Amino acid sequence: MVPIGNWSEWIITALASGRVGLALHLADARDQVGGRGAGLPSAVIEGLLHGRAARAAYDGAWHRYEALRPALVDSASSGGEDGVAHARTLMLLAGALRPALLQSQAAVDVAETLGATLPGGSTRSSGCSPNCAARGSPPLRTSPRPRARPSVARASGRPEAP
């Protein structure tokens, strides 16, 4: 049996190398040999993997991220002040950024549990999930910012008047 203490080092090395899939396999293996609870939870690593892979709302990675909602919110609500807690928080936010832009309610719930505000917003009619309502946080913005329309002069290549 492989000593449990090495798993965290291997997972961190894989993450530092940008090999999130390998880190997930290592975390799953760690959990199977009885190392569950030590280091970063495999759900957080899986959320990072699927969150980074999401390219459009309702694509495969987006659905896989949404399916992780209970585990991600649970990880976000677990406390701690050590280095693992900070790494977990950063990974949860990094994994939630792209899905939040694609209107993922799981990403919004993770961010609200962490006390962060992400772009995108809630798909609920109130704009506020139960997590943010319980804390009294303001709802997230659900409508995109209006884009400035290019002027006709710029589109035609003519210089604009001052």
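The model shown is predicted, which means the values in this text are computed figures rather than measured ones.
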**Student:** Provide the closest heavy-atom pair for Leu114 versus Ala76 in the form atom of the first, atom of the second, distance.
**Tutor:** CD2-O, 3.6 Å
**Student:** Hey, could you give me the CG/CD distance between Leu72 and Glu66, rounded to the nearest 0.5 Å?
**Tutor:** 10.0 Å
**Student:** Enter the distance from Ser77:OG to Leu92:CG here, rounded to the nearest 0.5 Å.
**Tutor:** 10.0 Å
**Student:** Hey, any chance Ile12 and Val84 share a hydrophobic cluster, counting ILVMFWY side chains that come within less than 4.5 Å of each other, even indirectly?
**Tutor:** no
**Student:** I'd like to know if the side chain of Arg52 and the backbone of Val20 have a donor-acceptor N/O pair within less than 3.5 Å.
**Tutor:** no
**Student:** Closest heavy-atom contact between Ala96 and Ala107?
**Tutor:** O-CB, 3.4 Å
**Student:** Where do Leu40 and Arg30 come nearest, in terms of heavy atoms and distance?
**Tutor:** O-NH2, 2.7 Å
**Student:** To the nearest 0.5 Å, what is the distance between CG on Leu15 and CG on Leu26?
**Tutor:** 9.0 Å
**Student:** Is there a path of hydrophobic side-chain contacts, each under 4.5 Å between heavy atoms of I/L/V/M/F/W/Y residues, joining Val33 to Ile45?
**Tutor:** yes
**Student:** Could you tell me which non-hydrogen atom of Ser104 sits nearest to which non-hydrogen atom of Trp62, and how far apart they are?
**Tutor:** CB-NE1, 3.6 Å
**Student:** Check the pair Tyr65, Val110 against side chain to side chain contact (heavy atoms under 4.5 Å, CB included), reporting the backbone distance first and the verdict last.
**Tutor:** CA-CA 11 Å; Tyr65 187 87; Val110 167; 4.2 Å; yes
**Student:** Can Leu97 and Leu93 be said to form a side chain to side chain contact (heavy atoms under 4.5 Å, CB included), step by step?
**Tutor:** CA-CA 6 Å; Leu97 282 174; Leu93 286 173; 5.6 Å; no
**Student:** For the NE2 atom of His25 and the OG atom of Ser42, what is their distance to the nearest 0.5 Å?
**Tutor:** 12.0 Å
**Student:** Testing the 3.5 Å rule here: is there a donor-acceptor pair between the side chains of Asp109 and Gln105?
**Tutor:** yes
**Student:** Using atom types as modelled and distance alone, determine if a side-chain donor or acceptor of Arg98 lies under 3.5 Å from a backbone N or O of Gly51.
**Tutor:** no
**Student:** Looking at CD of Glu46 and OG of Ser75, how far apart are the two atoms once the value is rounded to the nearest 0.5 Å?
**Tutor:** 11.0 Å
**Student:** Could you walk me through whether Trp7 and Trp10 satisfy the side chain to side chain contact (heavy atoms under 4.5 Å, CB included) test, starting with their C-alpha distance in whole Å, then the side-chain angles of each, then the deciding distance to 0.1 Å, before giving a yes or no?
**Tutor:** CA-CA 5 Å; Trp7 290 104; Trp10 296 336; 3.7 Å; yes
**Student:** How many angstroms lie between atom CE of Met91 and atom CG of Leu49, to the nearest 0.5 angstrom?
**Tutor:** 9.5 Å
**Student:** Mark yes when over 12 heavy atoms from residues, nucleotides or ligands other than Arg55 sit less than 6.0 Å from its CZ; otherwise mark no.
**Tutor:** yes
